Amino acid sequence: MVDFLAEGDGYCSDGKVVHKVVLIKMIKVLFGEIDVSEVENWLEEQGIREADDTVCELFDQSERKGRKEGRTEGRMEGIACGEANCLIKDVENAMKFFKVTLEKACGGLGKTVNGY
């Protein structure tokens, strides 16, 4: 672990990781994550056994998981942002087309002013 932190992404070792759960929990804490309760479940989902991966393989698997989670979060944020932008455009178009107040436009679209 110390070698990896010292060398950075370029570090690769053929050494086997014996205590993966403990190592991953420590890495998560070092990077500011407080909840480490799901590490065992993640290892099981990934089919990772306790003593069969090298340091490089373990870090590669962790990196892939982080990227997958990041893409999922990005998609969810994009969907939410797209929905919000559509609502704004719909309300503004209703106000212009029907020449109504914000409250009436929101009400006509089934939304509240606070929701807008």
Side-chain angles (χ1 to χ4, degrees):
M1 180 64 200
V2 173
D3 290 338
F4 175 79
L5 291 173
E7 298 292 326
D9 288 341
Y11 175 75
C12 192
S13 169
D14 291 332
K16 299 288 183 180
V17 178
V18 179
H19 302 289
K20 290 186 180 120
V21 172
V22 175
L23 177 64
I24 292 173
K25 285 181 178 181
M26 182 178 69
I27 292 167
K28 287 172 120 345
V29 169
L30 287 172
F31 285 99
E33 291 188 39
I34 296 170
D35 183 15
V36 294
S37 62
E38 295 296 318
V39 171
E40 290 94 345
N41 292 337
W42 175 77
L43 287 171
E44 188 176 312
E45 289 169 6
Q46 300 298 314
I48 301 171
R49 293 183 301 268
E50 187 60 34
D52 64 350
D53 288 324
T54 65
V55 173
C56 290
E57 291 166 340
L58 184 62
F59 283 118
D60 287 346
Q61 290 165 344
S62 297
E63 185 178 347
R64 282 194 302 273
K65 177 187 184 271
R67 287 183 180 167
K68 181 180 178 185
E69 289 176 354
R71 284 192 297 270
T72 300
E73 286 181 27
R75 284 185 189 110
M76 297 306 291
E77 287 178 17
I79 290 169
C81 185
E83 289 173 353
N85 286 336
C86 284
L87 174 61
I88 291 168
K89 286 181 182 178
D90 289 347
V91 169
E92 289 174 355
N93 287 337
M95 288 170 58
K96 288 178 188 173
F97 184 77
F98 296 110
K99 297 184 181 14
V100 295
T101 64
L102 174 63
E103 290 79 12
K104 289 198 180 229
C106 288
L109 293 168
K111 301 293 179 183
T112 64
V113 173
N114 286 340
Y116 167 78

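Residue numbers run from 1 in the order of the sequence given. Keep in mind that this is a model prediction, so the values were computed, not measured.
- Residues passing the salt bridge (charged side-chain N to carboxylate O under 4.0 Å, His left out) test with Glu33, sequence neighbours excluded: Lys28.
- Linking Ile, Leu, Val, Met, Phe, Trp and Tyr residues whenever their side-chain heavy atoms come within less than 4.5 Å leaves Leu102 and Val100 in two separate clusters.
- Considering CE of Met95 and SG of Cys106, their distance stands at 8.0 Å, rounded to 0.5 Å.
- Residue Ile34 is not grouped with residue Leu30 when hydrophobic side chains (ILVMFWY) are merged at heavy-atom distances under 4.5 angstrom, including chains of intermediate members.
- Counting heavy atoms from C-beta on, the side chains of Arg71 and Arg67 come closer than 4.5 Å.
- Looking only at side-chain heavy atoms (C-beta outward), Thr101 and Lys104 come within less than 4.5 Å of each other.
- Counting heavy atoms from C-beta on, the side chains of Tyr116 and Glu92 come closer than 4.5 Å.
- Here the side chains of Lys25 and Glu40 are in contact, with some heavy-atom distance below 4.5 Å.
- For the atom pair CD1 (Ile88) and CG (Asn93), the distance works out to 11.5 Å, reported to the nearest 0.5 Å.
- Follow the hydrophobic side-chain contacts under 4.5 Å out from Phe98 and you never reach Leu109; the two are in separate clusters.
- The side-chain contact (heavy atoms from CB on, under 4.5 Å) test applied to Leu87 returns Val91, Lys111, not counting sequence neighbours.
- Glu69 CD to Glu73 CD: the interatomic distance, rounded to the nearest 0.5 Å, is 7.0 Å.
- One side chain, Asp35 or Ser37, offers a donor N or O that lies under 3.5 Å from an acceptor on the other.
- Residues meeting the side-chain hydrogen bond (donor to acceptor under 3.5 Å, both in side chains) test with Asn41, sequence neighbours left out: Glu38.
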